[in-house]
Amino acid sequence: MIDPCTNPPTLPLIAPSILAADFANLGDDCRAAMDAGADLLHVDIMDGHFVPNLSMGPAVCGAVRSACPDAFLDVHLMVTDPQAYFKPFADNGANLISFHIEVVESAQHAIDLAGEVRELGCRPGIVINPPTDQRMLMGTLEAFDLYLVMSVHPGFGGQAFIPEVLEKAEWIKPQLQPHQRLEIDGGIGLATAHQALDAGVDTLVAGSAIFGKPRADWGSIIERLRDPRVR
Ligand code: DX5
Ligand code: ZN
């Protein structure tokens with residue numbers, strides 16, 4: 001398993017969002033995405049409260065872990081009470097667990113929660129929504145291994161990319177150390193990836209742009225996402 005939170009990647013990392021996979025063939029789709037060159041798998045967890053949708057629970061994460069023993073699982077908690085779910089996801093194969101800055105009380109609270117994630121043997125990540133002021137992250141910029149900028153309002157796949165969020169990426173990037181990843185999530189595809197990469201993002205989440213296309217094309221899509229100017 002390759003841990004993305006060590007050295008800076010030489011090429012952008014591609015994290016297919018399994019929310020857009022065929023749930024009736026989830027293990028197969030996950031294996032095919034990894035075989036097509038994905039660097040990690042992005043697992044979207046929605047509680048029907050923080051976002052107006054439900055997606056999957058820890059057991060589904062465990063099933064993905066069984067199907068792909070060597071895949072790095074990047075679990076994105078879109079939930080109001082993330083602390084309640086750290087252990088269930090750590091026990092079900094998560095490698096990284098991220099939660100939203102919008103649900104914490106203070107920078108110190110975020111840092112404390114990051115420590116809890118580390119104690120469970122996972123890497124902590126923090127996520128920021130489009131309308132949230134990036135200054136909410138002040139004081140947390142050493143505590144996390146991954147900073148995730150949402151480029152759609154979370155809750156659903158297949159939405160249009162919001163370019164205004166790139167300001168957040170540009171603000172975060174110079175404050176990070178080499179082992180810290182800067183990820184973007186929502187509306188990323190061949191038409192938008194270059195904007196995110198230019199803003200300093202190094203890890204691209206893509207759901208419908210990969211799983212929404214025929215499986216035979218996934219390898220070339222992943223390669224082109226890494227370098228979207230090469231057509
Ligand atoms: C949105 C999720 C995303 C989503 C991305 O709430 O966090 O990960 O699956 O899907 P696309 O790439 O289709 O916008
Ligand atoms: Zn996500």
Side-chain angles (χ1 to χ4, degrees), residues 4 12-23 26 29-30 33 36 38-58 60-61 64 71-80 82 85 89 94-103 122-132 144-166 168-169 181-197 201-214 217-218 221-222 224-226 228:
L13 303 177
I14 308 299
S17 166
I18 68 167
L19 188 65
D22 175 1
F23 282 5
L26 185 57
D29 263 11
C30 290
D39 299 285
L40 57 159
L41 294 175
H42 185 82
V43 184
D44 282 312
I45 309 303
M46 304 178 181
D47 66 351
H49 186 263
F50 181 69
V51 291
N53 197 6
L54 293 164
S55 58
M56 46 193 128
V60 177
C61 184
V64 171
F72 188 94
L73 300 184
D74 163 24
V75 173
H76 172 194
L77 296 180
M78 286 164 272
V79 308
T80 303
Y85 298 100
F89 281 98
N95 298 105
L96 183 146
I97 299 176
S98 60
F99 57 88
H100 276 256
I101 191 75
E102 292 83 9
V103 303
C122 298
R123 293 196 174 277
I126 190 93
V127 194
I128 185 164
N129 274 342
T132 305
F144 291 88
D145 292 332
L146 177 136
Y147 291 80
L148 170 51
V149 174
M150 290 308 300
S151 40
V152 296
H153 299 285
F156 301 91
Q159 302 183 74
F161 179 71
I162 302 173
E164 288 77 16
V165 307
L166 295 171
K168 296 191 211 303
R181 296 283 65 78
L182 180 56
E183 186 177 57
I184 197 160
D185 182 5
I188 294 294
L190 296 173
T192 51
H194 66 98
Q195 297 177 54
L197 298 175
V201 166
D202 55 46
T203 306
L204 301 170
V205 174
S208 45
I210 296 174
F211 289 113
K213 299 286 181 332
D217 297 341
W218 294 357
I221 293 168
I222 288 171
R224 286 157 70 202
L225 284 172
R226 287 190 216 282

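Everything numeric in this text was worked out from a predicted model, so none of it was measured. Read the numbers this way: they start at 1 and go in the same order the structure lists the ligands and their atoms.
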Identified side-chain contact (heavy atoms from CB on, under 4.5 Å) counterpart of Met78 within the set Asn53, Asp44, Ile45: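 When side-chain contact (heavy atoms from CB on, under 4.5 Å) is applied between Met78 and each of Asn53, Asp44, Ile45, only Asp44 qualifies.
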For a quick check: using heavy atoms under 4.0 Å, what are the residues in contact with ligand 1, sorted by chain and number?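 Within the 4.0 Å shell of ligand 1, which is judged on heavy atoms, sit Ser17, Leu19, His42, Asp44, Met46, His76, Met78, Met150, Pro154, Gly155, Phe156, Gly157, Gly158, Asp185, Gly186, Gly187, Val205, Ala206, Gly207, Ser208.
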Heavy-atom pair with the smallest gap, counting every atom of Pro154 and Pro52: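 Minimum heavy-atom separation between Pro154 and Pro52: O-CD, 4.4 Å.
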For Val79 and Val103, work out which heavy atoms get closest and say how close.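 Heavy atoms of Val79 and Val103 come nearest at O-CG1, 3.6 Å.
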Assign the ring pair Phe211 / Trp218 to parallel, tilted or perpendicular, where the plane angle (0 to 90°) is split at 30° and 60°.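 The arrangement is perpendicular - the two ring planes meet at more than 60°.
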Tell me whether the rings of Phe144 and Phe99 are parallel (<30°), tilted (30 to 60°) or perpendicular (>60°).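 Aromatic pair Phe144/Phe99 classed perpendicular.
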Non-hydrogen side-chain atoms of [X] and [Y] separated by less than 4.5 Å:
X	Y	result
Lys213	Ile221	yes
Tyr147	Val127	no
Val152	Pro130	no
Leu148	Ile126	no

What protein N/O/S atoms sit under 2.8 Å from the Zn ion (ligand 2), by chain and number?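 As for protein N, O or S atoms lying under 2.8 Å from the Zn ion (ligand 2), they are His42 NE2, Asp44 OD1, His76 ND1, Asp185 OD2.
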